[in-house]
Amino acid sequence: MTSSTVAKQDDLMDRRIGLRLSGPTLSILCHPCLAGHAFYRNTGVRLIGGIRGRLYHLTALLFSLAWICPPGPRLTFSTLPWLFFVQMERVLKDDAVEEKGERARMASFIGAMAIADLVKTTLGPKGMDKILQSTGRGRNVTVTNDGATILKSLHIDNPAAKVLVDISKVQDDEVGDGTTSVVVLAGELLREAEKLVNMKIHPMTIIAGYRMAAECARNALLQKTMDNKENIDKFRSDLMNIAMTTLSSKILSQDKEYFAELAVDAVLRLKGSTNLEAIQILKKPGGSLKDSFLDEGFILDKKIGIGQPKRIENAKILVANTAMDTDKVKIYGARVRVDSMAKVAEIEAAEKQKMREKVQKIIGHGINCFVNRQLIYNFPEELFADAGILAIEHADFEGIERLALVTGGEIASTFDNPESVKLGHCKVIEEIMIGEDKLIHFSGVEMGQACTIVLRGASEHVLDEAERSLHDALCVLSQTVNDTRVVFGGGWPEMVMAKEVDELARKTPGKKSHAIDAFSRALQAIPTIIADNAGLDSAELISQLRAEHHKENSVAGIDVISGSVGDMQKRGISESFKVKQAILLSATEAAEMILRVDEIITCAPRQREDRM
Amino acid sequence: MAAAAAAPAVSRKTETYTDTKRRDDVRGANIAAARAVADAVRTSLGPRGMDKMIASGDQAHEVIITNDGATILSRMSLVQPAARMLAELSRSQDAAAGDGTTTVVVLAGSLLRRAQTLLSAGAHPTAAADALHRLATCAVDVLHGMAIPVELSDRESLVKSASTALNSKVVSQYSSLLSPLAVDAALSVVDPAHPDLLDLRDIRIVKKLGGTVDDTELVRGLIFDKKASHAAGGPTRVENAKIAVIQFQVSPPKTDIEQSVIVSDYAQMDRILREERNYILGMVKKIKAAGCNVLLIQKSILRDAVTDLSLHYLAKAKILVVKDVERDEIEFVTKTLNCLPIANIEHFRADKLGHADLVEEVSVGEGKVVKITGIKDMGRTATVLVRGSNQLVIDEADRSLHDALCVIRCLVNKRFMIAGGGAPEIEMSMQLAAWAKELQGMESYCIKEFADALEVIPYTLAENAGLNPIAIVTELRNRHARGEKNAGINVRKGQITNILEENVVQPLLVSTSAITLACECVRMILKIDDIVTVR
């Protein structure tokens with residue numbers, strides 16, 4: 001109990017003097033038995049407090065205590081016990097700050113809700129975008145609607161807010177979509193929890209209630225999922241719907257059918273693997289978004305060497321990472337001493353000869369295309385050109401790794417054993433032009449599922465955002481291909497869950513039911529926000545929606561376009577069950593985690609030399 | 001941290017004021033900033049548009065005078081994110097069509113102004129944005145309806161559209177010279193195998209101070225903006241040239257591994273000098289043996305490409321030398337000369353050489369250039385030598401020529417032309433407004449408003465030409481309503497005429513990409529409701 005009274009007192013004091021208080025200092029000083037000491041030695045406290053930079057509030061505190069404790073004899077104790085207290089209170093190192101109890105919880109609630117409010121407006125098909133303006137050099141500007149992108153680039157100084165950013169990141173990695181929803185739901189759960197805490201319900205009770213509610217919500221949703229695994233046509237249309245729903249809140253919304261088609265085709269090529277690496281997204285400014293296309297093959301944004309064939313059929317590709325200038329002696333300071341110019345010329349000739357041998361070895365693999373991560377200099381380039389081999393230099397890391405993956409080759413760096421090196425294969429290599437740039441196109445690659453999506457668009461901003469949107473869609477689709485269960489969208493799942501959770505709340509006795517009730521309210525906040533963002537009358541719509549859902553097997557959701565409650569089945573608004581489940585579970589977990597917090601310890605930052 | 005309880009919501013470092021702004025304020029600020037940018041370039045639109053002088057660099061030493069929207073915007077140091085988006089918009093138009101870079105920004109500015117009116121009238125930003133998207137698609141259809149097909153063989157039409165692009169530039173008085181030049185240059189690089197591709201990198205523009213823009217010429221061959229090296233009195237004119245492009249160095253050997261030559265006495269030094277001489281002489285002999293008489297040497301960083309000694313020997317062998325050819329030029333050079341680069345002396349064979357009738361050094365203005373003409377089996381490239389009385393004029397001529405080339409490229413890509421002089425904009429505005437009446441609800445209202453916004457182009461054209469914009473625009477509307485689709489502003493006569501008869505035409509691609517890009521950019525700005533400062 002002491003700790004809570006102390007916390008109260010802190011708060012009071014806080015308001016009265018309007019200054020920062022340090023928890024540990026006060027909790028020790030305010031402990032009844034210590035208070036006397038403190039008062040007797042108040043001059044000492046002043047001194048020490050001043051040293052710790054907390055002179056003002058300590059003085060203020062002591063004055064406020066002055067009328068509680070009777071004045072006593074001063075300077076009767078030796079100074080030793082005081083030093084002991086000072087030791088006690090400095091459990092933490094300099095500058096480390098500790099927050100406790102109510103206040104710690106409040107800090108985390110506020111941080112988490114602030115984050116949720118920040119991304120809230122991006123939710124739903126009529127969600128807005130944000131400009132992210134970098135403070136770094138160049139002051140780069142990003143325009144985005146993607147929750148994960150916004151959150152991961154924020155400056156955050158609040159631990160609870162960081163937890164939310166993390167769940168959004170995890171959501172992005174795991175399922176790719178719902179990055180905003182998960183944060184918003186967690187924020188709403190905490191908002192509700194705050195009310196409950198204020199009603200003197202213990203955090204642990206709230207957590208227990210939330211757990212029950214989450215379990216119940218999940219089961220409710222699970223029962224209502226649809227699975228069209230057997231029917232290929234239906235499944236494809238499910239995928240299309242999911243892709244369109246995902247894209248409808250993004251920049252690609254206007255061409256969502258086109259891009260949904262593109263994404264579904266790309267994902268179906270993968271044949272169930274979730275390895276999105278095989279789908280290469282290439283951005284080329286110019287043209288409009290509609291000019292984007294799916295290409296069955298691999299495109300490398302590089303140039304073919306001078307004087308080499310621009311088109312090769314039945315290519316045998318050697319992907320390498322090797323230096324093509326000279327194999328140098330790596331020992332530092334190694335040098336050759338000679339006594340005549342002729343010898344220098346000999347060494348140079350020898351170096352050239354070595355290079356020639358290396359090139360011969362490479363050619364000896366029976367290849368007709370050589371791709372190197374490092375530069376290919378003029379001399380070897382000419383040798384390759386003479387041998388009629390297409391040589392591509394300076395392909396970046398990602399480029400060659402992908403190329404090796406899709407052509408089924410291995411990245412080689414020594415060439416002594418031609419038989420052990422796995423070559424890549426493809427049908428045709430040719431130079432193509434996209435917009436103003438010449439690129440190298442590998443078609444008919446070994447790995448049939450590989451493909452490239454070439455995105456075209458007005459500017460870098462558009463392209464970047466389009467890539468993020470498409471990536472989300474691809475992630476969701478590849479997840480759905482594995483877990484084929486599908487639910488409706490447009491606030492339908494939330495309402496279904498809220499209804500079941502409400503039922504549960506009614507059945508559950510005890511304080512927990514408040515928490516369960518709160519959980520249902522938090523779930524309903526999602527359709528509310530979607531409606532709010534679209535500028536609709538959310539209170540009216542949600543009540544209508546709830547009434548609709550009271551009927552059995554309702555398919556009602558918010559139809560943002562017409563601004564009313566609509567039939568989600570007819571509108572073709574679907575979402576992946578896996579995404580919804582991930583949102584529900586990780587939001588609950590995050591809320592739980594933040595609720596459990598009753599103390600925040602901020603460690604002192606490492607001292608840095610000031611470089612200014 | 002401890003302040004979290006006392007002052008809530010300090011979850012982010014509040015380094016800037018922006019993130020506390022209300023959403024409407026953010027949108028308003030964005031629109032205002034973007035419009036300010038549009039207003040800045042507005043006066044440079046059209047044939048009577050004015051130029052801007054841009055001073056940049058330290059203490060504003062670097063001065064550019066230009067009329068090109070993309071150049072102006074790229075030089076402005078903009079900070080506000082929305083303003084920067086407009087600058088990027090202009091750059092995209094430059095990349096997509098090459099011309100109409102001012103038009104696209106002015107259009108976006110006008111659309112934003114209307115959008116602001118709509119927002120204050122209570123329209124939801126996404127509703128406005130969606131309407132804009134439909135408008136763009138529909139506008140493109142209208143433009144297609146107005147378009148006139150053009151054949152690449154129709155040189156006259158191509159010249160007309162190139163000269164429309166040039167008319168608004170500083171060099172407009174030379175448009176009769178520059179536009180046929182641009183057309184010829186562009187057509188000469190079109191590969192019959194890919195008739196709808198035109199790679200502007202195949203056209204090289206060499207700028208040389210001196211003379212006037214009148215002296216600008218299209219060279220069927222190759223020009224190096226360098227002197228032939230005659231340190232040792234080598235030839236400066238070679239007929240029946242056999243040209244080698246070499247990537248090795250004619251200088252004393254140098255190994256990749258660090259080496260040092262130890263000289264222990266005087267006699268040894270003598271010997272080394274002699275050896276050096278022999279080494280170089282050997283190389284020169286090999287070069288000569290292959291029949292080469294013009295040598296183009298790639299620039300080398302690691303060691304001297306040529307030394308005085310090697311130049312001397314090369315001069316003796318009557319070989320013309322051009323040194324310091326950049327590595328990225330090699331591809332262009334070899335393509336033009338139809339030869340192969342030679343990276344090693346051992347590979348110096350006659351079959352890798354290129355042939356030309358004449359290689360000579362000619363003085364152009366102050367400096368000298370090396371001209372290669374009469375190339376046998378010349379690749380599909382072209383070189384334009386741009387002349388001008390001062391650097392500013394040359395730069396502007398270069399930019400204008402680029403625009404003209406882009407116009408031709410647009411026509412090669414998409415073989416349709418459309419009338420200029422504000423005619424397409426007025427037509428779009430009229431047709432879209434009519435279409436808006438068929439629609440319902442907010443969409444109709446938005447489209448009506450945005451359709452009006454398109455009138456900004458003829459309005460500005462008239463304004464910049466010193467005409468009465470209101471009178472002109474209303475008369476234009478009137479004429480278009482009577483079905484004269486091609487009525488446009490004739491700036492020279494200061495009245496409305498059939499603009500096609502005035503030969504004011506532009507490629508369809510320029511207009512379509514201007515409208516789609518402007519709409520896309522405005523949509524993006526409308527959808528933004530917050531500016532967040534990040535790392």
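Values below: all heavy atoms of this structure, side chains included; hydrogens, waters and symmetry mates excluded.
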_Worked check of side-chain contact (heavy atoms from CB on, under 4.5 Å) between B/Phe248 and B/Met283_ = CA-CA 11 Å; B/Phe248 61 88; B/Met283 279 178 112; 3.8 Å; yes

*Can A/Lys152 and A/Leu154 be said to form a side-chain contact (heavy atoms from CB on, under 4.5 Å), step by step?*
CA-CA 6 Å; A/Lys152 77 179 162 212; A/Leu154 282 178; over 6 Å; no

_What verdict does the side-chain contact (heavy atoms from CB on, under 4.5 Å) test give for A/Leu164 and A/Leu151, after you've listed the backbone C-alpha separation in whole Å, the side-chain angles of each residue and the deciding distance to 0.1 Å?_
CA-CA 9 Å; A/Leu164 289 200; A/Leu151 291 176; 5.9 Å; no

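Looking at B/Thr334, only its side chain comes within 4.5 Å of chain A, counting heavy atoms on both sides. Within the 4.5 angstrom heavy-atom criterion, no atom of B/Leu509 approaches chain A. Interface residue A/Arg356: only side-chain heavy atoms are found under 4.5 Å from chain B. Within the 4.5 angstrom heavy-atom criterion, only side-chain atoms of B/Asn30, from C-beta onward, approach chain A. For B/Ile272, the parts lying under 4.5 angstrom from a heavy atom of chain A are both the backbone and the side chain. When heavy atoms are compared at a cutoff of 4.5 Å, A/Glu346 does not approach chain B at all. For A/Ala160, no part lies under 4.5 angstrom from a heavy atom of chain B. Interface residue B/Arg523: only side-chain heavy atoms are found under 4.5 Å from chain A. Contact annotation for B/Glu331: both backbone and side-chain heavy atoms come within less than 4.5 Å of a heavy atom of chain A. For chain A, no part of B/Arg277 is nearby; none of its heavy atoms comes within less than 4.5 Å.
Here B/His124 is the residue among B/His124, B/Lys352, B/Glu276 with the most heavy-atom pairs under 4.5 Å with chain A. Highest contact tally toward chain A, considering only B/Arg271, B/Lys335, B/Arg274, is held by B/Arg271 [criterion: heavy-atom pairs under 4.5 Å]. The greatest number of non-hydrogen atom pairs below 4.5 Å with chain A, out of B/Thr137, B/Leu273, B/Leu526, B/Ile342, is found for B/Ile342. Contact count against chain B (heavy-atom pairs under 4.5 Å) is highest for A/Val143 among A/Val143, A/Ile150, A/Leu383, A/Thr144.
With respect to the salt-bridge test (charged N to carboxylate O, under 4.0 angstrom), the residues A/Glu431 and A/Arg311 do not qualify. With respect to B/Asp94 and B/Arg91, no salt bridge is recorded, no charged nitrogen being found less than 4.0 Å from a carboxylate O.
Between the side chains of A/Thr121 and B/Asp529, a donor-acceptor pair is found at a separation under 3.5 Å.
With respect to B/Leu86, the side chain to side chain contact (heavy atoms under 4.5 Å, CB included) criterion is satisfied by exactly one of B/Leu73, B/Ile525, B/Val522: B/Ile525.
Heavy-atom minimum distance, B/Met442 versus B/Ala127: CG-CB, 4.1 Å.
Rounded to the nearest 0.5 Å, atoms CG (A/Asn158) and CZ (A/Phe109) are 12.0 Å apart.
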